[in-house]
Amino acid sequence: MLQQTRVSVVIPYYERFLGRFPTVHALAAAEEDDVLAAWSGLGFYRRARNLHAGARQMEQDHGGEVPRDPAELGAIKGIGRYTVGAILSAAFDMRLPILDGNVIRVLSRLFRVDGPPDRAATQKVLWGLAEDVLPTHRPGDFNQALMDLGATVCKPSGPICAACPLSDVCEGLAAEDAESFPRPGRKQKVRFVERVAVRLRLPDGRILLERRPARGLLPNLWEMPAAEVSEGEAPGGLARAVCARLVRSHGLAADLVDDLVPCGVAEHRFSHRHWTTHVFEAQALAAPAAPESSKPERRWVAISEFEDLGLPTASRKAIEL
DNA sequence: AATTCGGGGTT
DNA sequence: AACCCAGAATT
């Protein structure tokens, strides 16, 4: 959960998640949909799928226990070099370095590392430094201290160098340019995407949701039937096309295609994508009988069921519009 | 080596 | 708005 996500944001998710899946065994035995539901809202959903797959891997290959060999631990889905070092140094006080956003900042300033950290060459230098500075005595606590120093003293902007225990040896402070490290990397560009979504309601208030593809953005999560608007295309026409698709593949009454009511625009911004979703509403008289399936692609969902579903924030916004 | 993955808090 | 976050996997 903490991969690229702040501690303060993670804590409530962590508490709920461990209440639901208290052990590796429980997580390994769970359905992926339930894991995604517990994760929904947190983002970077591949982490959830990796964690689930990783639990099963640990169950099958390591008797449900955390392997202490760095190579074996690193072979588990979702566990990279940082997480290997974090787990083994914190839990078993093994001398393995860590390199997260905080440590990158501290080391970059301490040694005036010239080069953006998103480049492989710079990464190599930083990992080398992270290992060089790591003592043999209590390396786990040292790693923890390095991160906390970055989080509380050596902050991204306005570092409190006067209160820093490393001020005597900091090259950045000596050169009075500490805050110019780490060097800025490439900034990712934003793609603007216009979409339509259809809120199809039954008389009892349930709405139709579909599962997104297993790969790419928001994998396997739920949203209203939607489509991407092409350049110069009219949203209303595309919404009718989405309905036509539902009629074709879902056996719905064909007349709903003509009863679309535009009900507003939902905006959602991801870090690398901005979605503008035109929401249309239509009424369905009855839900077609659906075949039983352990992993359905469509569901009629009541509002009270939202929390049992992997509903990403973007979907939630459009539904609640 | 570069891109792709969310979402929210801070500046 | 831009930046950043207890990164990892994929392309």
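As the structure is a prediction and not an experimental result, all values here were calculated from the model. Residue numbers begin at 1 in each chain, while the letters A, B, ... track the order of the sequences.
- A/Asn50 comes within 4.0 angstrom of sugar-phosphate atoms only, judged by non-hydrogen atoms across all strands, and of no base.
- At a threshold of 4.0 angstrom between heavy atoms, the contacts of A/Arg186 include nucleobase atoms, whether or not backbone atoms are also involved.
- As rounded to whole Å, 14 Å separates atom P of C/dC5 from atom CG of A/Asp148.
- Protein atom CD of A/Gln188 is 17 Å distant from nucleotide atom P of C/dA1, rounded to whole Å.
- Protein atom CZ of A/Arg215 is 11 Å distant from nucleotide atom P of B/dC5, rounded to whole Å.
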Would you mind building the protein contact string for nucleotides 6-11 of chain B? One character per nucleotide, 5' to 3', B for base within reach (heavy atoms under 4.0 Å), S for sugar-phosphate only, - for untouched. BBBB-S
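- If you check every strand for non-hydrogen atoms under 4.0 Å, A/Arg191 touches nothing.
- Counting to the nearest Å, the P atom of C/dA9 and the OH atom of A/Tyr82 are 14 Å from each other.
- In terms of the side chain to side chain donor-acceptor pair (under 3.5 Å) criterion, residue partners of A/Arg183 (sequence neighbours excluded) are, by chain and number, A/Asp114, A/Ser180.
- Between the CZ atom of A/Arg119 and the P atom of B/dT3 there is a distance of 13 Å, rounded to whole Å.
- Note on A/Lys77: a side-chain N or O is less than 4.0 Å away from OP1 or OP2 of C/dT10.
- A salt bridge links A/Glu210 to A/Arg298: at least one charged side-chain nitrogen sits closer than 4.0 Å to a carboxylate oxygen.
- Salt bridge status for A/Glu32 with A/Arg56: absent, with no side-chain N to carboxylate O gap under 4.0 Å.
- For the P atom pair drawn from B/dG6 and C/dT10, the interatomic distance equals 14 Å after rounding to whole Å.
- In this structure, the NZ atom of A/Lys187 is 17 Å from the P atom of B/dT4, given to the nearest Å.
- Under the 4.0 Å criterion applied to side-chain N and carboxylate O atoms, A/Glu305 and A/Arg299 are assigned as salt-bridge partners.
- Per the geometry, CD belonging to A/Gln123 stands 12 Å off P belonging to B/dA2, to the nearest Å.
- At a threshold of 4.0 Å, the pair A/Arg138-A/Asp93 does not count as salt-bridged, since none of the basic side-chain nitrogens sits closer than that to a carboxylate oxygen.
- Distances shorter than 4.0 Å separate none of the side-chain N or O atoms of A/Arg105 from OP1 or OP2 on C/dC4.
- A/Thr276 and A/Glu194 share no donor-acceptor pair across their side chains, judged by distance under 3.5 Å alone.
- Contact annotation for A/Ala86: no contact, since no heavy-atom pair falls under 4.0 Å across all strands.
- For the pair A/Ile79 and A/Val7, both in contact range of DNA chain C, the more 5′-proximal nearest nucleotide belongs to A/Val7.
- The distance between atom CZ of A/Arg49 and atom P of C/dA8, rounded to the nearest whole Å, is 18 Å.
- The six-membered or imidazole ring of A/Phe270 lies near that of A/His268, with a centre-to-centre distance under 6.0 Å.
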